Amino acid sequence: MKAHYPKARILIVDDQEANVRLLERLLKRVGYTCLQTTTDPRKVQPLLGDFNPDIILLDILMPHLNGFEVLTQLKQQLPEDGYLPIVVLTADVNDSTKQRALEAGASDFITKPFDSTEVLLRVDNLLRTRFLHRSLKAQNEALEAKVRERTQQLVQRKQVLQLLNELPAGGETFFEALVKALTEILDLRWTFVGRLFGDSRVEAFALQGLDPFSYDLPGAPCQNVIEDGFCYYPCAVAELFPEDRALVEMGVEAYAGIPLGAKDGRVSGILVGLHDLPLTEEDSDFFRFVFETFAQRASTELLDLEHRTRLEFTADAHLALRPAQTPEEVFKLATKAALDGTRASGSFLALYRSNDDCLEIMAPAGYLAEFAQGKKLYRGQGLTWHVFDSGKSLYIPDVSIHSDTIYFTEQPIQAPYLGVPLSDPQGQVLGALVINTAKDGGELSPLDSYYLEVLAQAAGAAIARMQILQDVTETREESLRIVGLTLEYRDFETKGHTDRVTELALRLGKALGVDAEALQHLRWGGYLHDTGKIAIPDQILLKPGRLTPEEFEVIKGHVTIGEEMLSQLHFLPKPVLEIIRHHHERWDGSGYPDGLAGKDIPLLACVFSVVDVYDALTSERPYKHAWSHEEAVAELVKQKGKQFNPHVVDTLLKVLKK
């Protein structure tokens, strides 16, 4: 037979040299190569440690120490969970000897004289048991080590979760505590959280062991994180990414990073840990667990921080635009707010003009604004067309290396560009709001992008709202004018009267210094002043000759009828109704319907009264010929202080001279 375990270490102990040599030759013949022999039993104990045998062949009857005494020594020296087979060599085969040897720790017996087959079989079987025991012990030890490792990991992971739950919620305070905790748990040198800006830049805003910074993604390990998810580089990371000069200069050796996502699936930030010493592949699983656990909470907090930041910016944006009353004022306030709320040195608002198919620069502000005013970017010209066509924000770190850049001064400038779409509440893109740092070349940030986006939303909504109001106002104006013109279609001899008196009343009102709101009241009053005549019978209204006193009383009722009818239009303000009711009052109190006198007559009614009479005098009527301008002016002067407000008459005469 051949030895199944040729490299097994076999120790032979027998005081008879012949027995030793016999066993040695027998074992070597079948292939055992690692043998140790001794005829002195006193050397067994030292050999146990030096030779570390896998099996011992031990004689019983020996001088100095017999086999039983050696067994006793070995039993004390061997570990309790160890298994070292010991074969007793003896010619004494009685039961008491066997029992005593077994009690002392013997595994088996070989009787003298030796039978070679028996010796080899017993040695082979015992070695098989020995190595099986060792294998099982190794497996148990490995299993116990694995259990200890997993137990330690569970403890560590529980500690991670507990620590994460203890972090303060809300705002940048959370992220400052997060990076500190991450540094301590993983024993890192540097950690940070960064906001993603555009498609290619990150701004670090919560840091441990670092000063605030921003950097471009191309060539950096963070680019892989954004694209692939969790990344772990335990060593030589600077050699793997030589283009990332910051890693090289800092002496970074190990890197771990994970993206922070929003609910819509987009990546909004990144969590990174760095070390100047190498880590191990064995740390990868624990690093992944910690980073993924932290990232779940950090993603939610980052989304919440962004949401609250945008709400604050939205409030600021609407506050900045609140004073605007016209689209032009929105343009100016928006570009000014873009400078005040960001790091920009220049801004402009571009509005799409469909008739020219161009983006027209409106109300530029800040650096080089005078060169941008009124510029038109025809289709495809400049970066702003990318914003308008895509309906998405565009960030360019350096416009000088972009082929589509247009310089208003024709001098290239190295500076970042940020453009955001200007849209109405229905999502229709109206133009773009743009900022840059052309004056000093400074950097822009994600917060600048947040603010500019909400400012553009507020401006777009304001412009759309004003356009709607303007459309409503124009529709209302036309509707009111049509009401006034209705009477002219009934009485062809007064055709044009409504527009003439309205236009002249507005000129007189401006000369008197009344405000824009009062001018609107004058205009509406001009349209509607004779509306009540609709209720006057044709035989009276269209009578070609003079009216009888009774007929004139009917005519006088048109002012109260008109007021009563038009008061149903609840949007008409009181001054308009006063013009309708009181434009036939007289300064001396002899007018109608209320006989008001002097300053009791509303000013706008006084204004309209004068221009109404002037137009009536200078117009042809069935019952009179048209007076000349000079005759009409003479009549107005004659009626100063009687029929008309003297100051209003004097002002009208100045207006008529122009």
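Not measured: the values here are computed from a predicted model.
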Surrounding CD of E239 (heavy atoms of other residues, nucleotides or ligands, distance under 6.0 Å), is the total greater than 12?
no
Atom of A236, atom of E253 and distance for their closest heavy-atom approach:
N-OE2, 2.9 Å
Step by step, would you call D283 with T280 a side chain to side chain donor-acceptor pair (under 3.5 Å)?
CA-CA 5 Å; D283 293 327; T280 66; 3.0 Å; yes
Distance, nearest 0.5 Å, that separates NZ of K510 from CG of L519:
6.5 Å
Applying ring-ring contact (aromatic ring centres under 6.0 Å, His included) between F241 and each of Y233, Y255, Y215, report the one that passes.
Y233
I need the minimum non-hydrogen distance between G382 and H386, along with the two atoms involved.
O-CD2, 3.9 Å
Mind checking whether S268 and L303 have side chains closer than 4.5 Å, heavy atoms only?
no
Do L383 and T405 touch side chain to side chain, with heavy atoms closer than 4.5 Å?
yes
For P364, does its backbone N or O pair with a side-chain atom of T335 as donor and acceptor, under 3.5 Å?
no
Working note: I406 + K375, criterion side chain to side chain contact (heavy atoms under 4.5 Å, CB included); need CA distance, chi angles, decisive distance, verdict.
CA-CA 11 Å; I406 289 180; K375 292 282 187 180; over 6 Å; no
Donor-acceptor under 3.5 Å (D356 side chain, C358 main chain):
no
Looking just at side-chain N and O atoms, do T384 and Y417 make a donor-acceptor pair shorter than 3.5 Å?
yes
Side-chain donor/acceptor of D216 to backbone N/O of P218, under 3.5 Å
no
Is it true that a side-chain atom of D650 and a backbone atom of H647 form a donor plus acceptor pair closer than 3.5 Å?
no
For V248 and R245, run side chain to side chain contact (heavy atoms under 4.5 Å, CB included): C-alpha distance rounded to whole Å, both residues' side-chain angles, the deciding distance at 0.1 Å, then the answer.
CA-CA 5 Å; V248 176; R245 302 307 306 168; 4.1 Å; yes
Can you find a heavy atom in the side chain of L196 that is under 4.5 Å from one in the side chain of R266?
no
Is the distance between the ring centroids of Y527 and W524 under 6.0 Å?
no
Could you tell me which non-hydrogen atom of L178 sits nearest to which non-hydrogen atom of F294, and how far apart they are?
CD1-CD2, 3.0 Å
Hey, could you give me the CG/SG distance between L277 and C235, rounded to the nearest 0.5 Å?
12.0 Å
Might you point out which heavy atoms bring E329 and P323 nearest each other, and give the distance in Å?
OE1-O, 3.7 Å
Assess the residue pair E453 and R310 against the criterion (salt bridge (charged side-chain N to carboxylate O under 4.0 Å, His left out)); give the C-alpha distance rounded to whole Å, side-chain angles, the decisive distance to 0.1 Å, and a yes or no.
CA-CA 9 Å; E453 287 172 2; R310 288 181 181 273; 2.7 Å; yes
To the nearest 0.5 Å, how far apart are CG in L522 and CG in L604?
4.5 Å
Does atom CD (E243) have a neighbourhood of more than 12 heavy atoms from anything else shown, all under 6.0 Å?
no
Between T437 and G442 (side chain of the first, backbone of the second, donor and acceptor by atom type, cut-off under 3.5 Å), is there such a pair?
yes
Under a 4.5 Å cut-off applied to non-hydrogen side-chain atoms, are E184 and Q208 in contact?
no
For the CG atom on D211, are there more than 12 heavy atoms of other groups (residues, nucleotides or ligands in this structure) within a distance under 6.0 Å?
no
Rounded to the nearest 0.5 angstrom, the CE-CD distance for M362 and Q373 is 7.5 Å
Any heavy-atom pair between the side chains of E301 and R297 that's under 4.5 Å?
yes
Mind checking ring pair (Phe, Tyr, Trp, His ring centres under 6.0 Å) for F192 and listing every partner two or more places apart, or none if nothing turns up?
F213
Does the cation-pi check pass for R288 over Y232, that is, NZ or CZ under 6.0 Å from the six-membered ring centre and within 45° of its axis?
no
So, H275 side chain and D187 main chain: donor-acceptor pair closer than 3.5 Å or not?
yes
Does NE2 belonging to H307 count more than 12 external heavy atoms closer than 6.0 Å?
no
Aromatic plane relationship, F291 with F230 - under 30° parallel, 30 to 60° tilted, over 60° perpendicular
tilted
N/O donor-acceptor pair under 3.5 Å between S214 side chain and E203 backbone
no
4.5 Å side-chain heavy-atom contact, V429 and Y352:
no
Reported CG-to-CD1 distance for the pair L418 and I435, which is rounded to 0.5 angstrom:
4.5 Å
Minimum heavy-atom separation for F175 to A206, with atom names?
CB-CB, 3.6 Å
Indicate whether the side chain of T300 and that of Q296 have a donor and an acceptor atom separated by less than 3.5 Å.
no
Going through the checks in order, is the side chain to side chain contact (heavy atoms under 4.5 Å, CB included) test met by L274 and R189?
CA-CA 6 Å; L274 308 167; R189 177 68 183 277; 5.9 Å; no
Given side chains that start at C-beta, do those of L452 and L444 come closer than 4.5 Å, heavy atoms only?
no
Check: S299 side chain, G261 main-chain N or O, donor-acceptor pair, under 3.5 Å:
yes
Spatial distance of atom OG (S400) from atom CD1 (I413) [nearest 0.5 Å]
10.0 Å
Above 12 or not: heavy atoms from other molecules or residues under 6.0 Å from CD of Q414?
no
Does any non-hydrogen side-chain atom of S393 lie less than 4.5 Å from one of P421?
yes
Examine distances only and state if a side-chain atom of T191 and a backbone atom of V179 form a donor-acceptor pair shorter than 3.5 Å.
yes
Do V237 and D244 pass the side chain to side chain contact (heavy atoms under 4.5 Å, CB included) test, and can you show the C-alpha distance, the side-chain angles, and the key distance before you say yes or no?
CA-CA 10 Å; V237 64; D244 192 332; over 6 Å; no
